[in-house]
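Single-structure report; data block below.
To find a chain, count down the sequence lines: A is the first, B the second, and so on, and within it residues start at 1. What's counted below: heavy atoms across the whole structure, side chains too, no hydrogens, waters or symmetry copies.
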There are 2 protein chains.
Amino acid sequence: MMETSTEIDQLFHALSDPTRRAILDRLCSGPMSVSSLAAPFGITLTAVVQHLQILEKCALVRTEKVGRVRTCRIEPTGFDALERWVREHRTIWEKRLDRLGTFLAEEDASK
Amino acid sequence: MMETSTEIDQLFHALSDPTRRAILDRLCSGPMSVSSLAAPFGITLTAVVQHLQILEKCALVRTEKVGRVRTCRIEPTGFDALERWVREHRTIWEKRLDRLGTFLAEEDASK
DNA sequence: AGAATGCTGAAGTTTTCACTTGACTATTTA
DNA sequence: TAAATAGTCAAGTGAAAACTTCAGCATTCT
């Protein structure tokens with residue numbers, strides 16, 4: 001169902017995995033090679049690379065290969081997209097809360 | 001891997017599905033029974049209920065059954081948790097960018 | 001040159017996910 | 001009271017997700 005696999009789908013999906021969020025946290029201390037990035041996680045290098053591909057696809061991470069070393073760094077674009085989504089939806093949310101407020105006020109007045 | 005299935009995992013996972021986000025959008029126009037909520041989606045009632053359970057578990061939706069009708073409404077708690085996560089991580093992100101700035105400045109100075 | 005390092009690619013496994021079917025229960029309505 | 005309505009429950013299906021293993025291939029070090 002839902003044939004439109006949007007950017008935001010991928011973004012939320014990427015962030016829903018604790019290992020992936022841990023990778024981001026780790027990259028916050030600065031750029032890193034894949035293997036030193038992978039070191040503290042108890043999973044294979046391959047698995048970490050797969051996570052990186054997912055993070056890269058939604059612009060949370062950027063990687064660049066020089067020689068045999070691939071360096072990974074945080075890419076803020078994806079995070080910006082998340083912030084945008086949150087900001088847009090907060091206003092909708094607030095509208096709804098206003099409506100609820102009105103409803104409660106009306107109910108109160110009718111007593 | 002990663003035995004700690006935290007709240008934020010569930011939250012991001014819940015929001016990663018387009019149908020689930022559509023359900024939220026729909027509920028923004030006000031509380032609704034399960035069947036009228038489900039009407040525009042081309043999936044079974046059962047499927048919608050399953051989505052609702054996921055949304056309810058991470059406090060994005062609240063439901064209440066009166067008689068044979070279950071009324072669904074938005075519950076802002078989950079959204080608050082998301083905003084908190086974004087806010088916390090924006091500062092980390094910014095720190096990283098500062099560090100990058102420092103790095104670039106240092107590199108510049110050494111020329 | 002030879003060995004170690006850093007990563008890549010393909011294929012397989014297990015678990016989780018989104019969804020369905022169909023049979024059932026409780027509440028309204030006619 | 002019978003029939004329609006609103007939702008529930010248990011079990012099953014197919015595809016995607018999160019890994020793994022293992023065999024390769026450049027690059028760098030000795």
Exercise. CZ of Phe12(B) versus P of dA17(D): gap in Å, rounded?
Worked result: 18 Å
List, one per line, each side-chain donor-acceptor pair under 3.5 Å for residues 31-43 of chain B, sequence neighbours excluded.
{"from": "Ser33(B)", "atom 1": "OG", "to": "Ser36(B)", "atom 2": "N", "distance (Å)": "3.2"}
{"from": "Ser33(B)", "atom 1": "OG", "to": "Ser36(B)", "atom 2": "OG", "distance (Å)": "3.1"}
{"from": "Ser36(B)", "atom 1": "OG", "to": "Ser33(B)", "atom 2": "O", "distance (Å)": "3.3"}

For this session: Show your working on salt bridge (charged side-chain N to carboxylate O under 4.0 Å, His left out) between Glu64(A) and Arg70(A) and close with a plain yes or no.
Result: CA-CA 5 Å; Glu64(A) 191 195 4; Arg70(A) 177 173 296 277; over 6 Å; no
Exercise. Pairs in or reaching into residues 54-80 of chain B: which pass ring pair (Phe, Tyr, Trp, His ring centres under 6.0 Å), with residues at least two apart or in two chains?
Worked result: Trp93(A)-Phe79(B)
Exercise. Which pairs with one or both residues in residues 45-68 of chain A pass ring pair (Phe, Tyr, Trp, His ring centres under 6.0 Å), sequence neighbours excluded?
Worked result: none
Problem set entry | Contact pattern, 5' to 3', of nucleotides 20-27 of chain C - B, S or - by protein heavy atom under 4.0 Å | BBB----B
For this session: For DNA chain C, determine which residues of residues 56-65 of chain A have any heavy atom closer than 4.0 angstrom to one of its atoms, and list them numerically.
Result: Lys65(A)
Problem set entry | Whole-Å gap separating P (dT16(C)) and CG (Asp9(B)) | 13 Å
Exercise. To the side chain of Arg20(A), which of dT8(C), dG6(C), dA18(D) is closest?
Worked result: dA18(D)
Exercise. Per the side chain to side chain contact (heavy atoms under 4.5 Å, CB included) rule, which among Asp17(A), Ile54(A), Leu55(A), Leu60(A) passes with Ile23(A)?
Worked result: Leu55(A)
Exercise. Atom CG of Leu52(B) to atom C1' of dA18(C): distance rounded to whole Å?
Worked result: 14 Å
Exercise. Quick one: Met32(B) CE to dA6(D) C1', roughly how many Å, whole number?
Worked result: 16 Å
For this session: Could you state the atom-to-atom distance from NE2 of His51(A) to C1' of dT20(D) in whole Å?
Result: 12 Å
Problem set entry | side-chain contact (heavy atoms from CB on, under 4.5 Å) partners of Arg68(B), counting only residues at least two apart | none
Problem set entry | salt bridge (charged side-chain N to carboxylate O under 4.0 Å, His left out) against Arg26(B), all qualifying residues, sequence neighbours excluded | none
Problem set entry | Side-chain N,O (His13(A)) to OP1/OP2 (dA16(D)) below 4.0 Å | no
Problem set entry | Thr77(B): side-chain hydrogen bond (donor to acceptor under 3.5 Å, both in side chains) partners, not counting sequence neighbours | Glu75(B)
Exercise. Which residues pass the side-chain contact (heavy atoms from CB on, under 4.5 Å) test with Glu56(A), sequence neighbours left out?
Worked result: Thr63(A)
Problem set entry | Whole-Å gap separating P (dT16(C)) and CG (Asp17(B)) | 18 Å
